Amino acid sequence: MDPTSGAPASQAPSPAPLLRCEHLCLSYDGLRQAVADVSFTVHAGSIFALLGPNGAGKTSTLRMLATLTDPTSGRIVVDGIDAASAPDGAAAVRSRIGYLPDNFALYENLTAIDYLEFFARCYGVPAPERRRRAEALLVELDLVGKRTAPINSLSRGMRQRLGLAKTLIHQPKVLLLDEPASALDPGARLKLRDVLLGLKRRGLAIVISSHILPDLAGLADAVGIMEAGRMVHTGPVEEVARATTRACLVYAVEVSANMERAERAIGEFGPRLKSHRVSPLAQGARFEVELEGGTEAVADLVESMVLRGARVVHVAPLESALESIYRASGALQVS
């Protein structure tokens, strides 16, 4: 055994997180705290979802992580570099971070390739590398067909992906995205989702601020829920879901025959059933059931329905783990 950690001596230590923020606080006026005691970590190849309504402190937190706003107190460490105490700490951290705010500058008359090369020069990318990196990012973000198109001719989704390409041009290790899917249509959101999954596989540590839960379901590995500047829940998605909802999820169960027997099974199911409602279908009925106990509970309920003679034809969850977390945090509302 390793005497310091209690782990077997042969077990390799887990890698240090690429981003660590500890007890971050921010006050703009010295009286009220916009951010109060926020702490979390993000490892390489993972996505941290920063959730909360407008005004919760998400953007202020991202601006501190990007070294654009100095925290009133607390510590930010990126790739082992302390932003405040290391020599040239803020500059060293900025070279490792890509930050895409909710609203970012686009130079409408530049072409996509010229825009990326311009920012490559701003970041000090060596001249021989600029064109190569810009071309590679246009391919990765599915913009190669718009290589020489002026920016003012691009769709909203293309402009968002071009902004992301600009944010990646200096090859950061940590990516900070503030509401990246805001105002995108469903198709553009799906394309952006595919891009983010690719960046995650590439090993970036990604923080996404959002209040649009479907865009983050299946993407995020960990979650932090902010309310009035404070982190009210944080940790791996499934852990936070268990802590906030006691594994309480909503399922749809469709029954095509003997609905009264399904109703009887629901009425006799016991305390794991928190609520239910019934909607008629063309043939049968749809039961929306809120259950504590996850997949085991819904399996037991369906078995009970079938044993009583109900014909169950479809079962599906109606929400992701992220949505169940958000629903359980009653003060938080999707805006």
Side-chain angles (χ1 to χ4, degrees), residues 42 44-51 58-59 62 66 97-120 131-223 237 317 319-323 326 334-335:
V42 190
S46 67
I47 294 179
F48 185 89
L50 195 59
L51 299 177
K58 304 187 303 295
T59 294
L62 288 183
I97 277 181
Y99 173 51
L100 187 66
D102 189 9
N103 294 299
F104 56 91
L106 284 166
Y107 304 118
E108 301 286 341
N109 295 320
L110 287 181
T111 65
I113 187 69
D114 289 341
Y115 178 77
L116 294 182
E117 288 197 76
F118 168 75
F119 275 96
R131 177 58 62 97
R132 186 192 66 79
R133 288 193 194 180
E135 298 281 9
L137 284 167
L138 290 174
V139 171
E140 183 175 8
L141 276 73
D142 194 22
L143 290 168
V144 69
K146 299 295 183 178
R147 179 182 178 280
T148 58
I151 290 172
N152 61 17
S153 71
L154 301 183
S155 69
R156 171 71 179 175
M158 291 174 183
R159 292 158 73 93
Q160 193 76 7
R161 297 202 308 279
L162 184 61
L164 183 55
K166 174 266 296 181
T167 306
L168 294 166
I169 196 69
H170 62 298
Q171 297 181 335
K173 295 184 177 183
V174 176
L175 196 56
L176 309 174
L177 306 176
D178 194 358
E179 300 283 358
S182 176
L184 296 187
D185 63 41
R189 286 181 180 174
L190 286 173
K191 198 173 284 287
L192 179 63
R193 178 190 180 88
D194 290 342
V195 167
L196 293 175
L197 284 171
L199 295 173
K200 176 179 172 178
R201 287 191 294 269
R202 220 205 299 158
L204 274 72
I206 304 172
V207 181
I208 303 178
S209 158
S210 184
H211 60 260
I212 305 173
L213 295 180
D215 294 333
L216 297 176
L219 271 179
D221 304 283
V223 59
V237 168
E319 62 184 3
S320 68
L322 276 179
E323 288 168 313
Y326 216 76
V334 179
S335 58

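From a predicted model like this one, the values you see are computed outputs, not experimental measurements. Numbers here are sequence positions counted from 1.
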**Message:** For a side-chain contact (heavy atoms from CB on, under 4.5 Å) check, start with the C-alpha distance between Val42 and Val174, then their side-chain angles and the critical distance, and finish with the verdict.
**Reply:** CA-CA 9 Å; Val42 190; Val174 176; over 6 Å; no
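- The shortest non-hydrogen separation linking Leu116 to Ile169 is O-CG1, 4.0 Å.
- In this structure, Arg159 pairs ionically with Glu108, as a charged nitrogen and a carboxylate oxygen lie closer than 4.0 Å.
- Note: Leu154 CG to Leu106 CG = 8.5 Å, rounded to the nearest 0.5 Å.
- Heavy atoms only, all atoms of each residue included: Gly203 and Ala44 are closest at O-CB, 3.4 Å.
- Counting heavy atoms from C-beta outward, Leu196 and Leu177 have side chains that approach closer than 4.5 Å.
- The side-chain heavy atoms of Thr59 and Asp102, taken from C-beta on, include no pair separated by under 4.5 Å.
- Nearest heavy atom pair, residue Ser209 against residue Lys58, reads OG-CE, 3.3 Å.
- In this structure, the side chains of Asp221 and Lys200 come closer than 4.5 Å at one or more pairs of heavy atoms.
- With hydrogens and angles ignored, the 3.5 Å screen pairs no side-chain donor or acceptor of Arg147 with any backbone N or O of Leu138.
- Across every non-hydrogen atom of Gly98 and Pro172, the tightest pair is N-CB, 3.4 Å.
- Side-chain atoms of Gln160 come within 3.5 Å of backbone atoms of Pro180 as a donor-acceptor pair (strictly under, hydrogens ignored).
- With rounding to the nearest 0.5 angstrom, the CG atom of Leu100 is 10.0 Å from the CG atom of Leu176.
- Taking the six-membered ring where the residue is Trp, Phe119 and Tyr107 present parallel rings, their angle staying beneath 30° rather than reaching 60°.
- For the atom pair OH of Tyr115 and CG of Leu143, the computed distance is 11.5 Å after rounding to the nearest 0.5 Å.
- The two residues Ile113 and Ala134 make their nearest non-hydrogen contact at CD1-CB, 3.6 Å.
- Once rounded to the nearest 0.5 Å, the distance linking CD1 of Ile208 with CD1 of Ile47 reads 4.5 Å.
- Inter-residue side-chain proximity for Ile206 and Leu219 is flagged as unmet; no heavy-atom pair is nearer than 4.5 Å.
- The shortest heavy-atom contact between Gly157 and Ala188 is CA-CB, 3.9 Å.
- Taking NZ of Lys146 as the start and CE of Met158 as the end, the distance is 4.5 Å to the nearest 0.5 Å.
- Asp142 CG to Leu137 CG: the interatomic distance, rounded to the nearest 0.5 Å, is 13.0 Å.
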